Amino acid sequence: MSRPGNPAVRLLAARSLRAHRKAWAAVFAAVAVTTALLGALALALGSTGLGHARVERYAAAPVVVAGDQEIRWTATPWGGEPTTETAGLTERVRIPEAAVAVLRAVPGVREAVPDDTFVVRGGGAGPAGAATHAYTGRSWEAARLAPYRLLDGREPRSTGETVVGAGLGAAVGDTVAGRRVVGVAEGPAALYVTAGEARRLAGHPGAVDAVGVLAEPGVPVDTLHARVRAALDAAGLEDTAAGQPLRALTGDGRGGVEHLGAPPARTELLQLLAAVSGTLVLVAVLVLASLVAQALQQRAAERELLLSVGATPRQVRGAAGREVARVAGAAALLGALASVPVFLALWSALRARTGVVPEGLELPAPPWLFAAVLVVAALVVGITRLVVLFAARRPGRAGKGGARRVAGIVLLVLGAGSAGTAAIQGGDAAAAAAGAATVTLVAGCALLGPWIARAAMTALDGPFRWFGGAPGRLTAAGAAAHSRRLGAALVPVVLVTSFALVQLSAGATMERAAAAQARIATTADLAFTGTTAERVRELPGVEAATDVLRSTVVLARTEAGTPRLDRLPVLGVDADGLAGTLDPGVVAGDLAGLAAGTVAVGADTAGSLGVKPGSTVELRLGDGTPKRLRVVAVYERSLALGEFLLSKGELAPHMSDPYPARVLAAGPAGASPVAPEAVTPPGAELNGIVSGGIVAAIGGLTVLSVLSTLALIGAGRRGELGLLRQVGASAGQLRRMLGLEAGFLTATGLLVGLVVGALPLTAFAWALTGGLPYLPPAQAGAIAGVVLVTVVAGVFLPVFRATASRH
């Protein structure tokens, strides 16, 4: 039996590769770009996986005792084992002050220093007594945990005195936030006050944010940690929120106590990159399969000849596989090298955008991580090699494609069903179902490409023949004879159209609906920051005012038995001050009853949870405190205001800084309307930038696939066009024929892509906004323009010489 590695196979592969260098150029480009994108994503995933919160304030404390900043939810999926889901908390989980005494008694502990972080406001007064500056405040004794040492002056000894961090830029003798500066210390901008004043300003007697543990000389970190852990377990101390055991943190784990937003942001970024990587792999498989199959299909006659002169099917497949492996191997290596600067550019762009990456989130990239691009290169080569097994599995026997047709129809049915599922779901479930529907429908169209092209050309056959003259008849005849080739050209056009449509329209639809709801919901005449509703109500002409606090809650639920934790934005308001300031659009119940122990719920969430006024909802507040709240109202403008509204009194005690983000007021008649603000999910800006960059990259890959596929097809039909010239067709007639083909591909691809994208988009938009999807006209025009230019270039450039006029 002949083996793929025998001399005959090697000879066939080498000769074929030299003879078809131009045809393989399209595959080379697609493999290189795919590897570069997947390699950059692999590096981003690795860097995010290694990410951690930066340790600054606790650098000198080998062990830090703090509350558990994660909650867990366990459920048993249908027919499976119990599964636990975790979610990070964005508000401080505090611990009992009694932990300080317990830790000070641990052998090997030199000192246990309690630490509270709070906000000091001052530095002037604006309207309604608004503070113009906000500073981070701590006790001076906690500065030892860094340690931050005095550079000038002395420590604070009484109320009204402060030591400032050097990053603040103040000097001894200055006044900051109504306090006299008596010293300047190392470190970032901060105000350090006496321990007594720090406890008063923190506002939570009997509890502290964390305790830094300083070791006696010579005590190893592991030994100290074990002793601290044993002491905490023996004391049975629990946090003040959910009653969970206290945590003793070492190493990079200490950073999460300083930067609360960093660990949740890392988790969300990791999930986003993983999801995008999966999408890119699916797109890459479709692109590579289409290109490799087309490259091999164009050489069907050559393979038939080899079989007729004695080559075995296994030898032909082996030669094709070796040939593709050589092309893909060189391209993958080039793409792997290119992935490094792509990754570095993405990470540099993220760091350059202030406030996008949460403060304190470190995303390291050690040298050994870059070996991951070689694994990605091998994966892409493997995918390409696998495609050959299917594309060349029965050389010389084309078949009628019955199995392919059935598989394509099944995928279309499954895609339509997934879109229907999205229409009756809500939130992330609707988005996931819509995304699955898009991928499934595109895959179905890829399998049915020849039949779609044949059906479209059948509809246009008459007009082409009647009104197109000789070029039209040539176009119709060529399409009838080569529907498989036309289908291969159509698939990437459908892919780029549907992908761009879904990615751009989904975000635009949500933003437009949220903005529209925010405009209607915000009825206030005045808005203030840096103050409170209590002060605003003292202004002349103010009829009503409400504080608006911003935090998050975690909703635990199950889907098919699988646990799920959703961290959602939430507002805290004054029920008495909503009249004339904020109108959530109540559809059931009454917001007048919004007080401690109650909640108002958005209509979509209320429907998914099956609750109404009088029902109860179980939530975890921002610090993990479990609450069973009675529903007093259901409202419809949840895209603008979030899925839950709580009273200020319910929400504030569970916030790290319970100060209003905004105060809305109903002012005198004739006042200008306030600019509306819609709530945004946690990490929305970071996700938006990363998603935008990745979408652009995947969009570029799909555009490249259109150009590569058409260039490959064009390279294979140069002989056909040359023959047409020899039998009398003019260069102008050939150009008009190609123009008609380009128009057909553009129009059909855009139409099919529109249908493929519109079906899941409509279901998604209806489920989340109750309306139809929206795409800005400029973006719609850009999609059509890019497709048109790419198709025209792909059709004409490879055959430029064959259609050039001869003088």
Side-chain angles (χ1 to χ4, degrees), residues 24-45 272-296 321 324-325 327-340 342-343 346 372-391 411 435-436 438-447 449 488-489 491-500 502-503 690-691 693-712 753 756 790:
W24 285 118
V27 176
F28 184 95
V31 171
V33 173
T34 299
T35 307
L37 294 179
L38 280 175
L41 275 175
L43 292 174
L45 276 166
L272 171 66
L273 291 173
V276 169
S277 298
T279 301
L280 180 56
V281 169
L282 290 175
V283 171
V285 169
L286 287 174
V287 169
L288 294 177
S290 177
L291 284 173
V292 173
Q294 181 62 31
L296 296 177
V324 170
V327 174
L333 182 60
L334 177 63
L337 295 175
S339 67
V340 175
V342 173
F343 160 72
L346 173 62
V373 300
L374 299 179
V375 178
V376 171
L379 174 65
V380 175
V381 173
I383 292 174
T384 309
R385 184 68 179 83
L386 188 63
V387 167
V388 177
L389 295 179
F390 289 95
L411 287 175
T438 303
V439 173
T440 307
L441 289 170
V442 168
C445 289
L447 292 177
V491 168
V493 180
V494 173
L495 178 62
V496 68
T497 302
S498 59
F499 179 81
V502 170
Q503 295 300 321
V690 174
S691 298
I694 300 301
V695 165
I698 297 178
L701 174 61
T702 54
V703 168
L704 174 65
S705 74
V706 175
L707 192 60
S708 298
T709 301
L710 293 175
L712 183 59
V756 168
T790 305

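What's counted below: heavy atoms across the whole structure, side chains too, no hydrogens, waters or symmetry copies. Starting from 1, each residue takes its place in the sequence as its number. Because the structure is predicted, anything quoted here is derived from the model rather than measured.
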Requested in this report: Please name the pair of heavy atoms, one in A40 and one in V342, separated by the smallest distance, quoted to 0.1 Å.
Outcome: CB-CG1, 3.6 Å

Report task. Begin with the C-alpha distance, continue with both residues' side-chain angles, and end with the deciding distance and a verdict on side chain to side chain contact (heavy atoms under 4.5 Å, CB included) for V376 and L41. Result -> CA-CA 10 Å; V376 171; L41 275 175; over 6 Å; no

**Report entry** CG on L38 to CG on L45, rounded to 0.5 Å
**Finding:** 10.0 Å

Report summary line: Residues V493 and T497: closest non-hydrogen pair is O-OG1, 2.8 Å

Requested in this report: Indicate the atoms forming the closest heavy-atom contact of L411 with T440, along with that distance.
Outcome: O-CG2, 3.0 Å

Which pairs of donor and acceptor atoms, one on a side chain in residues 26-37, lie under 3.5 Å apart (sequence neighbours left out)?
residue : atom : partner : partner atom : Å
T34     : OG1  : A30     : O            : 2.7
T35     : OG1  : V31     : O            : 2.7

Report task. Considering non-hydrogen atoms only, spot the tightest contact between V373 and G39 and give its length. Result -> CG1-O, 4.1 Å

Query raised in the report: What distance separates L374 CG from L337 CG, expressed to the nearest 0.5 Å?
Result: 8.5 Å

